[in-house]
Amino acid sequence: MTLGAHKPKSVLVTGGAGFIGANFVEYLLDTDPDIRVITLDALTYAGSMGNLQRAMPEARHRFIEGDISDAAVVRKVFSDEAVDTVVHFAAESHVDRSITGPAAFIQTNVVGTFILLEAARSAWPARKDVRFHHVSTDEVFGSLSETDPPFNETTPYSPNSPYSASKAGSDHLVRAYHHTYGLPITITNCSNNYGPYQHAEKFIPTVIRSALAGKPIPIYGAGLNVRDWLYVKDHCTAIDAVVRRGRTGNTYLVGGRSERRNIDIAREICAMLDEMSPRPAGNYAELLTPVTDRLGHDFRYAIDSRMIESELGWSPLETFDTGIRKTVGWYLANPRHLEGRN
Ligand code: NAD
């Protein structure tokens with residue numbers, strides 16, 4: 001087994017105005033003084049310049065508003081910026097929206113990824129000192145029962161939603177560009193992230209926002225669906241490790257060893273808010289309210305991340321309890337992000 005050795009110099013981060021991308025842009029600028037970061041983002045409803053407020057004043061960072069499925073824009077970024085590394089986050093990522101409007105998911109996640117791969121192939125003929133890293137999700141593997149073993153790198157794909165099917169399609173394209181053209185790619189499939197800059201309509205910001213407003217806190221069904229949760233900065237360190245040292249052509253699964261039922265997460269956040277920002281009367285948990293479940297809602301996702309742990313020495317720094325405390329504290333200090341007004 002030969003581990004990679006890559007030193008990124010000029011990194012194109014697609015989707016860097018979104019939740020994880022913005023955290024990753026900050027992470028790169030904070031940890032590598034020699035790096036130059038170019039954020040390419042179409043600023044859909046999911047992206048916000050407010051997420052880049054720390055990165056924007058930095059001379060080593062450049063923001064370009066543009067669509068990854070616009071081949072001319074993407075080709076120009078590669079040539080103007082001498083891109084040697086792509087970290088590809090840009091995607092339509094909200095499962096519920098993929099159920100009501102799947103077309104955008106095919107366009108961005110499948111066609112957009114194809115356009116980026118083509119641009120990389122044409123800009124980097126036969127180069128080995130470059131990397132195309134694709135950020136993907138554990139949702140491509142489908143749903144587990146309570147007793148199934150966690151997903152690992154050999155689990156067959158079995159996507160159940162238009163979102164996960166479009167991400168699966170993009171994973172296959174990225175892998176095929178390595179196999180067919182020798183493009184130096186890596187892929188990570190990660191579990192649910194949480195932390196600063198997450199979009200207001202996602203589960204954890206919704207719990208916090210509803211609680212603070214004294215409104216019903218919506219919980220799908222009985223709240224028994226299980227996800228593995230990873231603090232977003234730990235996802236950033238995993239991606240960075242794979243980009244710099246991962247084996248090209250390889251996929252790594254990334255998880256937090258923190259399986260939780262949705263209802264237990266909501267209760268834990270309520271208990272934290274009782275302590276950090278008490279209600280005048282009653283406990284926040286009184287506001288928890290079941291709502292109609294999502295169509296085809298996958299029951300459980302879980303990750304076996306032993307490959308990245310043993311090969312690259314990666315492990316998360318936060319437990320769920322420390323990460324969620326930081327997250328709740330961050331939203332209390334940055335309430336605009338809960339309203340989507342950032
Ligand atoms: P997000 O929805 O918060 O951000 C997506 C960003 O991509 C936004 O800034 C949006 O404006 C941009 N974008 C969308 N379409 C675009 C296009 N056509 N061209 C350019 N930019 C475009 O998503 P996120 O939660 O930060 O997820 C980022 C990536 O990580 C996605 O690929 C997602 O599948 C993957 N992922 C997310 C999670 C999670 O828990 N959030 C877990 C595992 C993997």
Side-chain angles (χ1 to χ4, degrees), residues 12-26 38-52 55 63-71 73-74 77 86-98 101 103-116 119 133-141 151 159 161-171 174 187-205 227-232 234-236 238-239 251-256 258 301 303 305 323 327 337 340 342:
L12 170 59
V13 177
T14 69
F19 163 44
I20 309 174
N23 279 283
F24 188 72
V25 169
E26 274 186 12
I38 303 100
T39 299
L40 175 65
D41 197 297
L43 296 179
T44 69
Y45 76 93
S48 167
M49 291 307 290
N51 294 346
L52 289 169
F63 176 79
I64 299 170
E65 184 172 347
D67 191 321
I68 56 160
S69 52
D70 184 333
V73 167
V74 172
V77 176
V86 174
V87 184
H88 176 32
F89 294 94
E92 288 290 339
S93 75
H94 293 199
V95 179
D96 291 326
R97 287 179 183 252
S98 85
F105 287 71
I106 305 304
Q107 180 60 26
T108 288
N109 300 0
V110 181
V111 179
T113 301
F114 163 70
I115 299 285
L116 276 175
H133 181 75
H134 179 59
V135 180
S136 193
T137 166
D138 59 358
E139 303 197 22
V140 298
F141 302 116
F151 306 130
S161 71
Y163 164 62
S164 53
S166 64
K167 289 297 292 188
S170 62
D171 293 10
V174 173
I187 300 176
T188 42
N189 292 86
C190 185
S191 58
N192 275 33
N193 283 214
Y194 65 97
Y197 304 138
Q198 189 158 28
H199 191 274
E201 72 186 28
K202 288 297 192 109
F203 175 58
I204 288 176
R227 300 289 180 265
D228 174 69
W229 292 87
L230 182 69
Y231 188 63
V232 63
D234 284 323
H235 189 187
C236 294
I239 293 168
T251 290
Y252 295 86
L253 264 58
V254 182
S258 292
Y301 307 134
I303 294 262
S305 44
T327 302
H337 285 267
N342 51 332

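By convention here, the first residue in the shown sequence is residue 1. One-based numbering, in listed order, for ligands and for the atoms of each.
Among protein heavy atoms, atom 31 (C) of ligand 1 sits closest to Phe89 O, 3.2 Å. Residue, atom and distance of the protein heavy atom nearest to atom 19 (N) of ligand 1 are Ile68 N, 3.0 Å. In this structure, atom 2 (O) of ligand 1 lies nearest to the protein heavy atom Ser93 OG, 2.7 Å. Regarding atom 18 (N) of ligand 1, its nearest protein heavy-atom neighbour is Asp67 OD1, 2.9 Å. With respect to atom 25 (O) of ligand 1, the closest heavy atom belonging to the protein is Phe19 CD2, 3.6 Å. In terms of protein heavy-atom proximity, atom 20 (C) of ligand 1 is closest to Ala42 N, 3.2 Å. In terms of protein heavy-atom proximity, atom 4 (O) of ligand 1 is nearest to Gly18 CA, 3.4 Å. Looking at atom 5 (C) of ligand 1, its nearest protein heavy atom turns out to be Ala91 O, 3.6 Å.
Contacts between Trp229 and ligand 1, counted as non-hydrogen atom pairs separated by less than 4.0 Å, are absent for every part of the residue. For Ser69, no heavy-atom contact with ligand 1 is shorter than 4.0 Å. With a heavy-atom cut-off of 4.0 Å, Leu43 touches ligand 1 through its backbone alone. At a heavy-atom cutoff of 4.0 Å, ligand 1 is contacted by the side chain of Lys167 but not by its backbone.
Interatomic distance, CZ of Phe89 versus NE2 of His133, reported as 7.0 Å (0.5 Å rounding). One finds the OG atom of Ser161 at 9.5 Å from the CG atom of Asp96 (value rounded to the nearest 0.5 Å). Once rounded to the nearest 0.5 Å, the distance linking CG of Asp228 with OH of Tyr301 reads 12.0 Å. Distance check, rounded to the nearest 0.5 Å: CG of Leu116 to NE2 of His88 gives 5.0 Å. With rounding to the nearest 0.5 Å, the separation of OG in Ser170 from NE2 in His134 is 3.0 Å. In this structure, CZ in Phe19 is found 12.0 Å from NE2 in His199, a value given to the nearest 0.5 Å.
Short contacts between ligand 1 and Gly66, defined as distances under 4.0 Å to a heavy atom of the residue, involve ligand atoms 19 (N), 20 (C). Here is the list of ligand 1 atoms found below 4.0 Å of a heavy atom in Ala46: 2 (O), 8 (C). Taking every heavy atom of Tyr163 and a limit of under 4.0 angstrom, the matching atoms of ligand 1 come to 33 (C), 34 (O). Atoms of ligand 1 found under 4.0 Å from any heavy atom of Asn192, numbered from 1 in the order shown, are 40 (O).
The closest approach between a heavy atom of Ser191 and any atom of ligand 1 is below 4.0 Å. Taking 4.0 Å as the cut-off, His199 does not count as a neighbour of ligand 1 on heavy-atom distance. Ligand 1 does not have Thr14 within reach: every non-hydrogen atom of the residue lies 4.0 Å or more from it. A heavy-atom separation below 4.0 Å is not found between Gly16 and ligand 1. Residue-ligand proximity: Tyr45 is placed with every non-hydrogen atom at 4.0 Å or more from ligand 1. The closest approach between Ser136 and ligand 1 falls below 4.0 Å for a heavy atom of the residue.
Summarising the contacts of atom 22 (C) of ligand 1 with Cys190, Gly255, Ala90, the nearest heavy atom is found in Ala90. Looking at Asn23, Val95, Ile115, Val135, it is Val135 that brings a heavy atom closest to atom 30 (O) of ligand 1. For atom 36 (N) of ligand 1, the candidate residues are Ile20, Thr108, Leu52, Thr113; the nearest heavy-atom contact is made by Ile20. Nearest to atom 13 (N) of ligand 1 by heavy-atom distance, out of Thr39, Val232, Thr44, is Thr44.
At least one side-chain heavy atom of Ser166 sits less than 4.5 Å from a side-chain heavy atom of Ile106. With a 4.5 Å cut-off on side-chain heavy atoms, Asn192 and Phe203 do not count as touching. With contacts defined as side-chain heavy-atom distances shorter than 4.5 Å, the pair Val73/Leu40 qualifies. Looking at heavy atoms from C-beta onward, Arg227 lies out of side-chain contact with Tyr194 at the 4.5 angstrom threshold. Annotation: side chain of Glu139 is not in contact with side chain of Lys167 (no heavy-atom distance under 4.5 Å). Counting heavy atoms from C-beta outward, Ser93 and Tyr163 have side chains that approach closer than 4.5 Å.
For Lys202, no nitrogen or oxygen atom sits less than 3.5 Å from a nitrogen or oxygen atom of ligand 1, counting backbone and side chain alike. Here's the thing with Asp41: one of its N/O atoms is less than 3.5 angstrom from an N/O atom of ligand 1. Checked against a 3.5 angstrom limit, the closest N/O atoms of Asn193 and ligand 1 fall inside it. Looking at ligand 1, you won't find any N or O of Leu40 less than 3.5 Å from one of its N or O atoms.
Between Val135 and Val87, the closest heavy-atom pair is CG2-CG1, 4.1 Å. Residues Ala91 and Thr108 approach most closely at CA-CG2, 3.7 Å, considering heavy atoms.
Using cut-offs of 30° and 60° for the angle between ring planes, the Tyr45 and His94 rings count as perpendicular.
Under the side-chain contact (heavy atoms from CB on, under 4.5 Å) rule, Phe63 has a single partner from Val13, Val25, Leu43, which is Leu43. The only member of Val77, Thr39, Asp41, Ile68 that meets side-chain contact (heavy atoms from CB on, under 4.5 Å) when paired with Thr14 is Ile68.
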